[in-house]
Protein chains: 2
Amino acid sequence: MKKSNAVKSLTALAQESRLDIFRLLVRKGKTGMAAGELSDYFGLPKATMSFHLKELTNAGLITAKRESRSIIYAANYDNMNALINFLVENCCSDNGGKC
Amino acid sequence: MKKSNAVKSLTALAQESRLDIFRLLVRKGKTGMAAGELSDYFGLPKATMSFHLKELTNAGLITAKRESRSIIYAANYDNMNALINFLVENCCSDNGGKC
DNA sequence: AGAATATTTCGATTATAATAGAATTATGGA
DNA sequence: TCCATAATTCTATTATAATCGAAATATTCT
């Protein structure tokens with residue numbers, strides 16, 4: 001993962017609503033949830049939810065696919081794992097590799 | 001980890017300089033680095049570095065200990081792991097646990 | 001085509017964070 | 001005690017992000 005992508009992903013997650021949304025989608029698995037469902041679930045206005053979903057999508061943390069009238073959002077596990085690996089990369093390598 | 005702590009940690013990491021600082025300290029291991037060394041290494045003014053180190057310390061991502069005139073900063077691996085676990089917690093549990 | 005549903009974009013307001021020079025605090029040595 | 005070194009806090013400026021009502025876009029059904 002590139003650093004700019006990591007900053008974008010972390011910025012996306014560094015917000016209470018978006019962290020909630022992302023973690024719910026992580027639990028939901030690949031079936032995901034529609035934007036409106038998420039809006040109802042968290043009691044957030046549709047415009048606000050849409051803004052947050054866009055941030056998460058732009059960061060690559062979630063995917064969006066249209067299904068009839070709804071747009072279904074789901075966690076992007078590859079990107080999530082890439083972010084985690086980026087954070088712990090070369091852990092303790094300047095100290096003999098012992099952590 | 002509590003959600004408020006997670007948001008604080010993610011906010012701390014969601015900034016290019018701080019992400020660089022944290023990842024360097026992750027590589028450095030428990031010997032860590034002094035504030036001034038970090039300031040020189042990244043070419044940042046001392047006040048700016050101090051501000052970033054405070055953010056990372058308040059989030060619990062790094063520790064600070066005085067050693068003579070210097071203050072040595074080091075990655076807090078426990079908190080880092082707790083943050084990662086918080087992000088992936090109950091992954092796919094609403095979808096049969098298969099990821 | 002027209003109505004209903006699902007979601008996004010626009011735009012204005014409000015709140016929060018980054019930057020860095022200057023002043024301040026803390027430690028150790030002559 | 002006086003000076004040098006190391007780091008932080010203060011303060012003002014500048015930049016970025018969150019919120020949500022209203023309008024716009026996209027899809028499906030009759």
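These values consider heavy atoms only, across backbone and side chains, with no hydrogens, waters or symmetry-generated copies. In what follows, chains are A, B, ... by sequence order, proteins preceding strands, each numbered from 1.
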So, do A/I21 and A/Y73 sit near enough that their side-chain heavy atoms are less than 4.5 Å apart?
-> no
Does A/L10 reach the side chain of B/L19, with side-chain heavy atoms less than 4.5 Å apart?
-> yes
Heavy-atom neighbours of B/Y41 OH exceed 12 at 6.0 Å | no
Which residues in residues 23-59 of chain B have at least one heavy atom lying under 4.0 Å from any atom of DNA chain C?
-> B/P45, B/A47, B/T48, B/F51, B/H52
Could you tell me whether a side-chain N or O of [X] sits under 3.5 Å from a main-chain N or O of [Y], the two making a donor and an acceptor?
{"X": "B/N5", "Y": "B/A59", "result": "yes"}
{"X": "A/R66", "Y": "A/S68", "result": "yes"}
{"X": "B/Q15", "Y": "B/R18", "result": "yes"}
{"X": "A/S39", "Y": "A/A35", "result": "no"}

Nucleotide by nucleotide, 5' to 3', does protein get under 4.0 Å of the base (B), only the sugar-phosphate (S), or neither (-) in nucleotides 24-30 of chain C, counting heavy atoms?
-> ---BB--
Which residues, if any, of residues 9-16 of chain A bring a heavy atom under 4.0 Å of DNA chain D?
-> A/Q15
State, to 0.1 Å, how close B/E89 and A/R27 come at their nearest heavy-atom pair, and which atoms those are.
-> O-CG, 3.9 Å
Heavy-atom pair with the smallest gap, counting every atom of A/L61 and A/A12 = CD1-CB, 3.9 Å
Reading DNA chain D 5' to 3', which nucleotide is the first, and which the last, to come under 4.0 Å of any heavy atom in chain B?
-> D/dA4 to D/dT9
For B/E37, enumerate each residue passing the side-chain hydrogen bond (donor to acceptor under 3.5 Å, both in side chains) test, keeping only those at least two apart in sequence or located in another chain.
-> none
Partners of B/C92 by disulfide (SG to SG under 2.5 Å), sequence neighbours excluded?
-> B/C99
Would you say B/F86 and A/V88 are hydrophobically clustered, going by side-chain heavy atoms of ILVMFWY under 4.5 Å?
-> yes
